[in-house]
Asker: 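This is the structure I have questions about; it appears just below.
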Amino acid sequence: MAAGGKSFLADAGYGEQELDANSALMELDKGLRSGKLGEQCEAVVRFPRLFQKYPFPILINSAFLKLADVFRVGNNFLRLCVLKVTQQSEKHLEKILNVDEFVKRVFSVIHSNDPVARAITLRMLGSMASIIPERKNAHHSIRQSLDSHDNVEVEAAIFAAANFSAQSKDFAAGICNKISEMIQGLATPVDLKLKLIPILQHMHHDASLASSSRQLLQQLVTSYPSTKMVIVTLHTFTLLAASSLVDIPKQVQLLLQYLKNDPRKAVKRLAIQDLKLLANKMPHTWSRENIQALCESALHTPYDSLKLGMLSVLSTLSGTIAIKQYFSSAPGTAATTARSFDLVKLAQECCYHNNRGIAAHGVRILTNISASCQEKDLLPLEQDAVFGLESLLVLCSQDDSPGAQATLKITLTCMVKLVKCRPHLSQSVVESLLTQLHSAQDAARILMCHCLAAIAMQLPVLADGMLGDLMELYKVIGQSTTDKKQELLVSLATVIFVSSQKALSPEIKTVIKQQLENASNGWTAYRIARQASRMGNHDMARELYQSLLTQVASEHFYFWLNSLKEFSHAEQCLTGLQEDNYSSALSCIAEALKSYHKGIASLTAASTPLNPLSFQCGFVKLRIDLLQAFSQLICTCNSLKTSPPPAIATTIAMTSGNDLQRCGRISNQMKLSMEEFRNLAVRYGDLYQSSFDADSATLRNVELQQQSCLLISHAIEALILDPESANFQEYSSNGAAHVESEYERRMMSVFNHVLEEVESLNRKYAPVSYLHTACLCSAVIALLKVPLSFQRYFFQKLQSTSIKLALSPSPRNPAEPIAVQNNQQLALKVEGVVQHGSKPGLFRKIQSVCLNVSSVLQSKSGQDYKIPIDNMTNEMEQRVEPHNDYFSTQFLLNFVILGTHNITVESSVIDSNGIVWKTGPKTTIFVKSLEDPYSQQVRLQQQQGQPPSQQQQQRTAYSRF
């Protein structure tokens, strides 16, 4: 069960508690100064790890200067090691503060008599091109070395020229003629020409440069028709067009021309590869004629490998805007059907091809056409797509080779897409999947189960009648002995949980538990329990967590499982709620709260400094507070019976002018209850904003909890507190929104039902009657009857992002304040590094970082002066875009009031959609504002009754320096 921690502990810590930055650098420096070559090399190659752990400029600058010294005085092997380190640490290069000094030390080697040393130096300069793009001495050395008679040096110069051309417009413009002369020169060997041509792909800095490069490449393609030259030139042509953007349609035509007319297979393959690149990058530049030409080539080619390539380009285009352009023809033209016919004919012909890859692309094209083109004459294609998918499913599910599995993945993805767009096809697709499950190979079964679960999450298509088949299959798998068995048990259990959304029957639970006892390890049981928690089958989950408690290796895992068991038990208590029995509802909620409190204590014990489980604790605390608020609301509704309004309530209401007073004390209690639900909604919003790394399903779950709080507060307001001004338009949900899970579907139906009830009551009756309180209680029970779903982020972090801040100046001791004179401003520099886990940017990427700096006066010293309120505090905000995961900015802060000030720097993140996420961290430093010496002297003299001397009176701030 040790692997159990992997899911939520994997990316929690970014490095062990080892040496601090300076000690680590000193340790490596000792190795660099060693007399033994082996120790020096070992020290050099350990630098990238150091940069990864301490990615701030002050250390990186010192480290690179030490490496530059080694490069200057070491032998060629050491230089090669330094070059490799520089290339590995490319994203840290811009943090070098003394660039001139670094370049000077490296550049001194260019004057060596050893051509290998010069070659390594050129490669070093090329690797540093991003920080020294306009260094003329580097440009000059590269030009000179291109004329060298030593091959190693010329190749290094070509590498450097390519890197500088990508970074510097001036260098690219200057070197272009030199490159073209060398390429066209008779003295240049062919293999060197092949290495020089790719430099031209970087000549895209302006239109004239790109145009002259295209002309040169055009000449080369016609002048040198050998296979290698054509391949290299065409590929460079494509990359140049992709960067300069304006020539893409011409390039597509050129590649299609070579694909059609050039008889060489290698050239055709290269043309297909480049067409795929352009289809991915710029699908909207493809005209109907281009797609038509590609279809014709695919229809007429006798080679399967080329047909496969062309179909992969067409299947890429079929998933983009290009397919709509292809089918939308100008009105009145008769060519529409012929045009559409070619692509459709090709796809239909390929669906049943004996090559699996070709068949998969054919099916994908038909699926994409069915999904994106809703025209009437294209509707029969959906049936073709289904038949093609079913035949591929039968073919691939019997074969466990990697190729068949890859094809099966494409097939199943197409099935999910087709069912999502055309729900009426779901029944036949699901039936064919279930039929095929029995005879399929285990590897295929796992993928098919994932597909079934994905379809069933979107549409409730798995009827109870199908459960029998699934249970039989579960028993069969439990007795098999293949290596895929554990994975298959989890996948099939997930399908069973999705298909029996309401509740698992005792027979199903017994079968699953029996197979787990016979056949599985603890990790499989944990994964199945996790899926049960996700699907709301909490009784099953509780039993599985209970059985795993004694099988874990550490107390943290024990407390984690114990907390999950208690949460499942708490949610299980809520399934016993009955519609009209409010007293039993209160006891169910009380029972659930008891388990939740036990669980939160256990969850807190499971957290560690590296993995504080902050989302889990936040989510559960909010759930506890929500249940308490629901319980309080039911009690408040009951108080209308136990403490009805007094006889004089109407008189009090008329006297005070507050009509709600006639309802008695319930009105004030309802007001408090409404505030409580609004506060909970705000807190759910805060939890949402702090979960930058969560998957979309988890965020949607948090959003649904927030909406349920807002719904109840709106219902209280509309029914009791302010029925006149209640607006139902903004709360009515649009049915068109796509629902991703059964939990969301059930929650949305409860929301709509409650809103309808509240609206009808609001129009018929004046508040407050038993009907109003019954409506509120029913709403609470309806919400609680939907089993809570614990989504993926509760168990598993797939993306991990954190920000590390460094402030300067910073005190040696954190509790010690920084001294600043009150007539000066403090320049606070904030540097930061964005750190990622193993899958950066999986759900969302950081666009910019928002830094908020505020200062608060903690304790005054000296007299109270009347100072404008603006000078009392500092409140500033800046947005910075990280480059290579590093950012820095500065703030100027005033501290006019003498005393100790507390400065807080808080960072939040803005993603590529412009949404702000409060990820933290928050860093605090103290500043002590001191009186400047001259003011102090004047004040002391005034206190002693001496007028300041003439000389002192004339003295200004400038004359002190």
Asker: A side-chain contact here means heavy atoms from C-beta on lying under 4.5 Å apart; do Glu571 and Arg542 qualify?
Answerer: no
Asker: Side chains of Asn611 and Thr608: is there a donor and an acceptor less than 3.5 Å apart?
Answerer: no
Asker: Does any part of the side chain of Ile915, heavy atoms only, come nearer than 4.5 Å to the side chain of Arg844, both counted from C-beta?
Answerer: no
Asker: What I'd like to find out is whether the side chain of Arg700 reaches to under 4.5 Å of the side chain of Leu704, using heavy atoms alone.
Answerer: yes
Asker: Salt bridge or not for Asp400 and Lys484, using N-O below 4.0 Å?
Answerer: no
Asker: Does a side-chain heavy-atom distance below 4.5 Å link Leu622 with Val702?
Answerer: no
Asker: Only counting residues at least two apart or in another chain, list the ones meeting ring-ring contact (aromatic ring centres under 6.0 Å, His included) with Tyr596.
Answerer: Phe567
Asker: Nearest 0.5 Å please: distance from the CG atom of Leu807 over to the OG1 atom of Thr924.
Answerer: 9.0 Å
Asker: Hey, mind stepping through Thr919 and Ile846 against side chain to side chain contact (heavy atoms under 4.5 Å, CB included) and telling me if it holds?
Answerer: CA-CA 11 Å; Thr919 52; Ile846 292 179; over 6 Å; no
Asker: Does any non-hydrogen side-chain atom of Met448 lie less than 4.5 Å from one of Leu434?
Answerer: no
Asker: Atom NZ of residue position Lys509 - does it have more than 12 heavy atoms of other residues, nucleotides or ligands inside 6.0 Å?
Answerer: yes
Asker: Do other residues, nucleotides or ligands put more than 12 heavy atoms under 6.0 Å from the NZ atom of Lys417?
Answerer: yes
Asker: When you look at CZ of Phe751, are more than 12 heavy atoms from neighbouring residues, nucleotides or ligands closer to it than 6.0 Å?
Answerer: yes
Asker: Can you confirm whether Gln706 sits close enough to Tyr688 that some side-chain heavy atom of one is under 4.5 Å from a side-chain heavy atom of the other?
Answerer: no
Asker: Flag the pair Arg445 and Glu487 as a salt bridge only when some basic side-chain nitrogen lies within less than 4.0 angstrom of an acidic carboxylate oxygen.
Answerer: no
Asker: Could you check if a side-chain atom of Val682 sits within less than 4.5 angstrom of a side-chain atom of Cys709, using non-hydrogen atoms only?
Answerer: no
Asker: Are there over 12 heavy-atom neighbours, none belonging to His597, within less than 6.0 Å of that residue's NE2?
Answerer: yes
Asker: Less than 3.5 Å apart, any donor N or O on the side chain of Asp693 or Thr801 sitting next to an acceptor on the other?
Answerer: yes
Asker: Please check if the distance between the ring centroids of Trp560 and Phe557 is under 6.0 Å.
Answerer: no
Asker: Can you name the salt bridge (charged side-chain N to carboxylate O under 4.0 Å, His left out) partners of Asp695, sequence neighbours left out?
Answerer: none
Asker: Apply the side-chain contact (heavy atoms from CB on, under 4.5 Å) test between Ser533 and each candidate in Phe794, Phe790, Phe497; give the one that qualifies.
Answerer: Phe790
Asker: Can you name the residues that form a ring-ring contact (aromatic ring centres under 6.0 Å, His included) with His569, not counting sequence neighbours?
Answerer: none
Asker: Side chain to side chain contact (heavy atoms under 4.5 Å, CB included), that's the test. Do Glu591 and Lys594 meet it? Break it down for me.
Answerer: CA-CA 5 Å; Glu591 191 65 31; Lys594 197 163 85 180; 4.0 Å; yes
Asker: Any donor-acceptor pair under 3.5 Å linking the side chain of Gln572 with the backbone of Asp539?
Answerer: yes
Asker: Are any of the side-chain heavy atoms of Leu626 and Phe677 separated by less than 4.5 Å?
Answerer: yes
Asker: Check whether the side chains of Gln707 and Tyr684 place a donor and an acceptor atom closer than 3.5 Å, and report yes or no.
Answerer: no
